[in-house]
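The analysis underlying the following values was restricted to heavy atoms, covering all of them including side chains, and did not include hydrogens, waters or symmetry mates. All chains are named by letter (A, B, ...) in the order of the sequence lines, taking the proteins before the strands, and each is independently numbered beginning at 1. Keep in mind it's a predicted model, so treat the numbers as computed, not measured.
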2 protein chains.
Amino acid sequence: MSTLNDVAREAKVSTITVSRVINNPEKVKPITRERVQRAMDKINYVQNPVAKALVSKRVGIIDVYVPESIDLSNPFIMHLLVGISEELSKQMYSFLIIRDRKHEHRCDGYIVTGLLKDEIHEMYQYALERKRPIALFGHTDNEEIDCIDVDNIEGVRMITEYVLQNGHKNLAMINVNEEKDYTLDRYEGYCRALQEAGNPSGEHVMYAENSVQGGYEAALRILRENNETTAMICATDIMAIGAIRAVTELGLKVPQDISVTGYDGLGHHLLSSPAITTVCQPVYEIGRLLAQTLLKRIRGEERGVKQSLVPALFLEHSVAGINKSKEDKI
Amino acid sequence: MSTLNDVAREAKVSTITVSRVINNPEKVKPITRERVQRAMDKINYVQNPVAKALVSKRVGIIDVYVPESIDLSNPFIMHLLVGISEELSKQMYSFLIIRDRKHEHRCDGYIVTGLLKDEIHEMYQYALERKRPIALFGHTDNEEIDCIDVDNIEGVRMITEYVLQNGHKNLAMINVNEEKDYTLDRYEGYCRALQEAGNPSGEHVMYAENSVQGGYEAALRILRENNETTAMICATDIMAIGAIRAVTELGLKVPQDISVTGYDGLGHHLLSSPAITTVCQPVYEIGRLLAQTLLKRIRGEERGVKQSLVPALFLEHSVAGINKSKEDKI
DNA sequence: CTTATAAATGATAACGTTAACATTACATTT
DNA sequence: AAATGTAATGTTAACGTTATCATTTATAAG
């Protein structure tokens, strides 16, 4: 591999002149510039970004930290990564997916996601020690951290309200059986909507694994325990797909007999037929925003901490009003 | 940020001794080692991997090149990335997703995917110039390139044969309307199975966009053009989901009236009810293998080019035998 | 107590680039 | 023609590490 020095020798100029041709061409006389260009072409020069990074202290890489507990092939993370990726590459940056932090890498900043409260604090310390900025997907009480989160409480409240407004009175929620922030938030949104509507028939929440199978089983349990139920608010689209399968297998129609709503809106809701009414977390946009914020922070263009809560988007597909024919069938 | 020199000064030894404590601790006397360790802890030393990379000429990063034409949020790429990621991080490597090659990075090798014939050649030249090894997901006639591919011809042949063995005689294929290798391979597999079975009713292929909607429309067209059809071989699971939706909407049952098979086996086949019989491309495993091969090549442990074709895995869920009740319904 | 040998440590240079400052060349003004 | 200013180019050092070879110190052998 040839170096700046090789080019310099070939073009009979000094190393720094070659460097200038690359980085500040306007500072080099056109004739010299040409000569250097030809020399570069001749010996097939390719810049060594490591050497450049050593002196400039910028590597052009962002570490995206996704803890091992999160499945990378999950569309949530995927869409986030796509958003991050597109914004970064637009600004000539790349990203590295980090699953554990044992192996030190050089990067210019961190984007982190899927962390619990104290993990966030730990990550913050880690970044601080290395004097690199951090941008978080999620929320935190640490007011020094730039972060963006989806307003999931409001998202679930909204879709529940919508179902209530369609005349449903006996709702049940299918939530994920993990004690995570996002699980609690969805429960909270569900409760708020019920309270606002005067809480017609109390809260019914069934917890299950976040999978098609989990949704399927939860729906069966709900219908067995309380066949008054006419609407199911699912905490994820995947669970909604399972719930619909269960309802259909019992000979009931979705949405005529039972309404089933999802949550996430990342593509799975379209795979069910009929497509599921859901709430979309604008994860792709959040990825881009996180990347933008971080790059601004790196360049010192961002002043003051940026913490924001973005709304979830309502995606209506099919929630029928209440239908009294159901009782006959079960 | 503190450097080796800072540690050296603190511990009253030379820089190189500190370096040895990190890289070859057995070459340093225990007492000195202890002292250096304490100094490192005291001033919170963190190695600078860029400087290390400059001299060692290893950066510990693999560039995974996914051209912009491929959607990153597609589960195929995702599973591949997960496989690559897990194998690399096990060996203390990281990876960088590259979407265009304009921005030069330092890496130790390339994993490439989704390239056309001449793009592969171009990429090979690119890697060669930089003296870095390359591992390809796909196949090529260039015998210098390590590569792994799925035997999709055999995969489609296998699932088609299975459908034929279940008594179906009027098959139709729903293929992707793009002129890519993988599209041609699937067509080829379908034809082979038909030929082996004596080609009872000729080839019927409908081309459509690779989406739920595409599969839906293709299935409708097939049933309109030829209502003898009792089985649809879809080139992707997503299209199969659409096809099932179309068949169901026409009042026909899957799989009793019409069998619908998928292809890919990356999760989507489970989202339909009933789950789709499909063929699984072991993409995760391939990702790991690619990473393994590449790292061996980097370390000089691999001799001779490694080109392999791995079989696709048959995943049976529900393909009923032919059912004569269909004609009454349409 | 030398001397030979091995273990531990150190001095220097190198990796390939850029920043900061220094010099030279050339054009413009007086 | 000398003085001044600016454009173009060059010299040196620095970034933080490791490799190579040199030196010192400790250990064992005679």
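- Partners of B:Arg99 by side-chain hydrogen bond (donor to acceptor under 3.5 Å, both in side chains), not counting sequence neighbours: none found.
- How far OG1 of B:Thr183 is from CG of B:Asn152: 10.0 Å, rounded to the nearest 0.5 Å.
- With contacts defined as side-chain heavy-atom distances shorter than 4.5 Å, the pair B:Ile111/B:Ile84 qualifies.
- The footprint of chain B on DNA chain D, defined by a heavy-atom cutoff below 4.0 Å, extends from D:dG16 to D:dA19.
- Under the salt bridge (Lys or Arg N to Asp or Glu O under 4.0 Å) criterion, A:Glu86 pairs with no residue at all, not counting sequence neighbours.
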Anything under 3.5 Å between a donor and an acceptor, one on a side chain of residues 114-126 of chain B, the other on a protein residue two or more places apart or in another chain? List them.
residue	atom	partner	partner atom	Å
B:Glu119	OE1	B:Leu116	N	2.6
B:Glu122	OE2	B:Arg101	NH2	2.8
B:Tyr126	OH	B:Glu104	OE2	3.1

Exercise. In sequence, state the C-alpha distance, the side-chain angles, and the governing distance for B:Asn142 and B:Thr140, and then conclude on side-chain hydrogen bond (donor to acceptor under 3.5 Å, both in side chains).
Key: CA-CA 5 Å; B:Asn142 182 332; B:Thr140 169; 5.4 Å; no

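- Atom P of nucleotide C:dA19 and atom CG of A:Asn23 are separated by 7 Å, given to the nearest angstrom.
- Within residues 25-37 of chain B, no residue has a heavy atom under 4.0 Å from DNA chain D.
- The shortest side-chain heavy-atom distance between B:Tyr93 and B:Asp108 falls under the 4.5 Å cut-off.
- As judged by a 4.0 angstrom heavy-atom cut-off over every strand, B:Asn5 is placed among the base-contacting residues.
- A salt bridge (charged side-chain N to carboxylate O under 4.0 Å, His left out) with A:Asp146 is found for exactly one of A:Arg297, A:Arg303, A:Lys296, namely A:Arg297.
- Between A:Ser94 and A:Leu88, the closest side-chain pair of non-hydrogen atoms is not below 4.5 Å.
- Side chains of B:Arg132 and B:Arg106 form a contact here, defined as non-hydrogen atoms less than 4.5 Å apart.
- Proximity of A:Phe95 to B:Ile97: side-chain heavy atoms (C-beta onward) are separated by under 4.5 Å at one or more points.
- For DNA chain D, the residues of residues 48-57 of chain B within the heavy-atom distance limit of 4.0 Å (strictly under) are B:Asn48, B:Ala51, B:Lys52, B:Leu54, B:Val55, sorted by number.
- Qualifying salt bridge (Lys or Arg N to Asp or Glu O under 4.0 Å) partners for B:Arg9, counting only residues two or more places apart in sequence or in other chains: B:Asp6.
- When ring centroids are compared, A:Phe137 and A:Phe76 come within the 6.0 Å threshold.
- In the helix from C:dC1-D:dG30 to C:dT30-D:dA1, the terminal helix axes, each the rotation mapping four pairs' C1' atoms onto the next four within five end pairs, subtend 50°, rounded to 10°.
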Heteroatom pairs (N/O) under 3.5 angstrom, protein to nucleotides 23-25 of chain C:
none

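- With a 4.5 Å cut-off on side-chain heavy atoms, A:Leu4 and A:Ile22 count as touching.
- Interface residues of residues 9-16 of chain A facing DNA chain D, ordered by number: A:Val13, A:Ser14, A:Ile16; criterion, heavy-atom separation under 4.0 Å.
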Quiz prompt | Test side-chain hydrogen bond (donor to acceptor under 3.5 Å, both in side chains) applied to A:Gln281 and A:Asp264, step by step | solution = CA-CA 5 Å; A:Gln281 301 198 55; A:Asp264 280 344; 3.0 Å; yes

For residues 38-51 of chain A, dump all side-chain donor-acceptor pairs below 3.5 Å to protein atoms at least two apart in sequence or in another chain.
residue	atom	partner	partner atom	Å
A:Lys42	NZ	A:Glu10	OE2	2.9
A:Asn48	OD1	A:Val50	N	2.8
A:Asn48	OD1	A:Ala51	N	3.2

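- Here side-chain hydrogen bond (donor to acceptor under 3.5 Å, both in side chains) pairs that include residues 50-69 of chain B, with residues two or more places apart or in two chains, are B:Asn23-B:Lys52.
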